[in-house]
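For reference, the structure is listed below as structure tokens.
Please read these numbers as outputs of a predicted model, since none were measured by experiment. We name chains A, B, ... by the order of the sequence lines, and we start the count at 1 in each one.
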Protein chains: 4
Amino acid sequence: MKDHTDQAGQDSSLREPISRKEREKRAREMEILKAARDLFVANGFRETTLDEIARHAEFGKGTIYNYFASKEELFLGIIDQTMDEVLAICNDAIAVPGDAREKFLRYASGVIRYVKENGELLHVIYHELHRGSSTVNVTKLREILDRARRGWEVLARPLTDATQNRLAGTCDPVQLAVLFDGMLRGYCFHRFSIEGSQQVEDYSDAAELITSVFFDGIAERTHEG
Amino acid sequence: MKDHTDQAGQDSSLREPISRKEREKRAREMEILKAARDLFVANGFRETTLDEIARHAEFGKGTIYNYFASKEELFLGIIDQTMDEVLAICNDAIAVPGDAREKFLRYASGVIRYVKENGELLHVIYHELHRGSSTVNVTKLREILDRARRGWEVLARPLTDATQNRLAGTCDPVQLAVLFDGMLRGYCFHRFSIEGSQQVEDYSDAAELITSVFFDGIAERTHEG
Amino acid sequence: MKDHTDQAGQDSSLREPISRKEREKRAREMEILKAARDLFVANGFRETTLDEIARHAEFGKGTIYNYFASKEELFLGIIDQTMDEVLAICNDAIAVPGDAREKFLRYASGVIRYVKENGELLHVIYHELHRGSSTVNVTKLREILDRARRGWEVLARPLTDATQNRLAGTCDPVQLAVLFDGMLRGYCFHRFSIEGSQQVEDYSDAAELITSVFFDGIAERTHEG
Amino acid sequence: MKDHTDQAGQDSSLREPISRKEREKRAREMEILKAARDLFVANGFRETTLDEIARHAEFGKGTIYNYFASKEELFLGIIDQTMDEVLAICNDAIAVPGDAREKFLRYASGVIRYVKENGELLHVIYHELHRGSSTVNVTKLREILDRARRGWEVLARPLTDATQNRLAGTCDPVQLAVLFDGMLRGYCFHRFSIEGSQQVEDYSDAAELITSVFFDGIAERTHEG
DNA sequence: CATGAATGAGCTTTCATTCAT
DNA sequence: CATGAATGAAAGCTCATTCAT
């Protein structure tokens, strides 16, 4: 049995040849990222000290530097993580069977749930991204922005079809995806930050509303019938 | 005659009791605000130092403190200014004759122009507001958020009318205003920050697009006719 | 005639050759000294700002500099004043008819009253004097210390007489004056600063006690009779 | 045997559970206190900068803050030290066999030696204490003053006995201790600060003189015999 | 002369980063 | 590798002094 387990371990290691050491290293890296993320979300990037991160991650301060070359790199690691997660939401949404409306509905509820759980992480990230912080590797920054763009491109895909989007051909579908995203983020910021409603409510209504406004608009259809 | 002159003097002094000194003081205060605003927009609040502000404003560091009790107060001064300006855009938009669509179109182009000129000032402000930076006077903070809300309420007014908004009665018009604002800010962030297109283009197209999406949605009207 | 007038002027100048302007100047100087003294006593020298002094003296800050070249000079002015007052107490005491004990009793009550009225002024002065503050003109400092010494010398005078002081000849009378002064200042510091008894009490008891200890000691006279 | 050794090890660790690290930490803390004390004595508390302290202690500025939360805390640490040392002088004096005179003689020479070695530390401390610097924790301040009082109470103890003190019953013995202390401090201030005689002289003469004045007074005993 | 706005050197304190253990 | 004490550059802020009015 023991051998078998080992072999199983080896099998998986054939795909990802990760030794125990390597696995532990990754695990510790994740723990650090988790701790830092919590604090960045709660207090912002500049406002969070490495002492706090180390204490919260239950590691020595020096250890953090064995995993991330600087506080900035640590932040970039979090952005990487986040970008992956957001991209996953996009891909998940796009995989939903049905028309664009259903895919966007899924995206909307995915994002709202994510913001509810991760707070202003996206806000903090965009804030830091925006100010091309002098120290950040410009290459790295471009790469991150590219990944953000990729999310919108994924969302834009169903909108290229004229049956899904009456504006197809007249305007950039990515643009439209950006607008949808804007509504979502506007909604989240208003609801979670300004109004601060933290009670666990159903937010599928909100997702429905936003999707409905996006696809149908709010105007009375006077010309119908 | 003497009385008359005196009274005339008093009359004008009632309207403009502002001495040259006072005027110069105000002017310098505006210069400082302008310099600080530039830097806050470019680099964020925390990342801007008072030395930089002083240098950029071409004043001594101490002078800044003669006008604003702290860096925080200076920032609050900028927020005040900004809130006034944004509220002015709202009121200007609402005063446009015609239906809600025309008012929102005006608001959209107003905001886009404002962001083009002032950069991500709003973004920076919301970022700081949100984190309720410990030192900020809580009363002051609430007051600022109230003023933000007031802007949305102004915008929401034309949406309370069912002829303007098919959703009137089913959802909060302020919510809708927030969504519209979200699209606008999403658009601006995408265009000015991410893509960084700074060339002076016409952005009435963008305003039209956003307004159109908001009122008519992007869906094909298959059921028409 | 001119000479004469001048001389008369000089003569009277010893009494009052002082023009209105000069008189007003002196008066303003005194006002500034008074205001500064109040604040130095209350808060110490370093802790008192020139803004406070100007406000309390009801003069512009620049005006202070027309009368005193620096904050330090202002402080030296106060020291001058104080030294004069303390020397006056010494001289007043020494002029009392009777033996040394009566003179010292008068000195003691004079000092206690002075400290009661002027608070820790002497303490503040000695504190600043002691640390040969780098900026203080060394000549000025020596001069001040000389004046302090002069006070003790005045007090020491009646102690040079062997009928007044059994130790005359064996120890320096100035030393003894210093010890008496030490008791006085120890008493005042303890009573006014440590215990903080501010109620207007009679302090002739204290003066009597101190004088009595100084002249008679506290030991039981077992060998009397 | 093993247990025994272990236990022995534990026993000694109970008495001295101080690791090398801990010992070194204490040693560095002492070094910082020593450096700060030197400078505070020489220049006063307000006039000493943390840069100077760091330089004189041969530590980085930040290191000081690893040991003391603020300049104020550092000063309080010094006060603690000093109060302990002064109290030790009191207790040592009181433990001397013999009558009050012998105890006070010991106290006098102890204080003179202490002041000679530590300069006007006490003067600086009292100066700061008195002005109840706004930031100082009031509780801490009261505690310090209580400790000062305790020293006087210790000294006052032998004076409660009527055979030692002809004034017992008529005046507070603590008061008398304060007067003795005043003479001592007056003497030290005069000798070490004003006159600045730094040569290593014998000062038992001074202690004798002060004690003699305190117990016997300086008056000629005309009524004797 | 009186004034007080402007000034910048200098203060205390924080914190990302290094490195000896 | 993990650690956290040591570090000093850099931050926000104060205030004695100057000088144009």
Check every strand shown and say whether C/Phe68 touches a base, only sugar-phosphate, or nothing at a heavy-atom separation below 4.0 Å.
-> nothing
Mind checking A/Arg28 for me? I need base, sugar-phosphate or nothing, with any heavy atom below 4.0 Å counting as a touch.
->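 Sugar-phosphate, no base atom in range.
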How close or far is atom [atom2] of [N] from atom [atom1] of [X], stated in whole angstroms?
X	N	atom1	atom2	value
D/Ile64	F/dA5	CD1	P	15 Å
D/Glu29	F/dA6	CD	P	11 Å
B/Glu24	F/dA20	CD	P	15 Å
B/Arg55	E/dT7	CZ	P	14 Å
C/Glu22	E/dC1	CD	P	9 Å
D/Lys25	F/dA6	NZ	P	7 Å

Within the 4.5 Å heavy-atom criterion, are [X] and [Y] side-chain neighbours or not?
X	Y	answer
B/Gln81	B/Arg37	yes
A/Leu74	A/Ile32	yes
B/Ile125	B/Phe75	yes

Is the distance from OP1 or OP2 of F/dC1 to the nearest side-chain N or O of A/Tyr67 less than 4.0 Å?
-> no
Give the ring-plane orientation class for D/Phe59 versus D/Tyr67, where under 30° counts as parallel, over 60° as perpendicular and anything between as tilted.
-> tilted
Given Watson-Crick or G-U pairs with both distances under 3.5 Å, what dot-bracket string fits DNA chain F, with | for other-strand pairs and [ ] for crossing?
-> .||||||||||||||||||||
Answer yes if the side chains of C/Arg28 and C/Asn66 hold a donor-acceptor pair under 3.5 Å, and no otherwise.
->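 No.
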Is B/Lys25 salt-bridged to B/Glu29, cutoff N-O under 4.0 Å?
->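 No salt bridge links B/Lys25 with B/Glu29.
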Testing A/Leu121, A/Ile78, A/Thr48, A/Leu122 for side-chain contact (heavy atoms from CB on, under 4.5 Å) with A/Val41, which one passes?
-> A/Leu121
Which of C/Arg20, C/Arg26, C/Lys21 passes salt bridge (charged side-chain N to carboxylate O under 4.0 Å, His left out) with C/Glu24? It is C/Arg20
Separation of A/Ile64 CD1 from A/Asp51 CG (nearest 0.5 Å) | 10.0 Å
Of A/Glu58 and B/Lys21, whose nearest nucleotide on DNA chain F comes first from the 5' end?
->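 Of the two residues, A/Glu58 wins.
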Would you mind building the protein contact string for nucleotides 11-16 of chain E? One character per nucleotide, 5' to 3', B for base within reach (heavy atoms under 4.0 Å), S for sugar-phosphate only, - for untouched.
-> SBBBBS
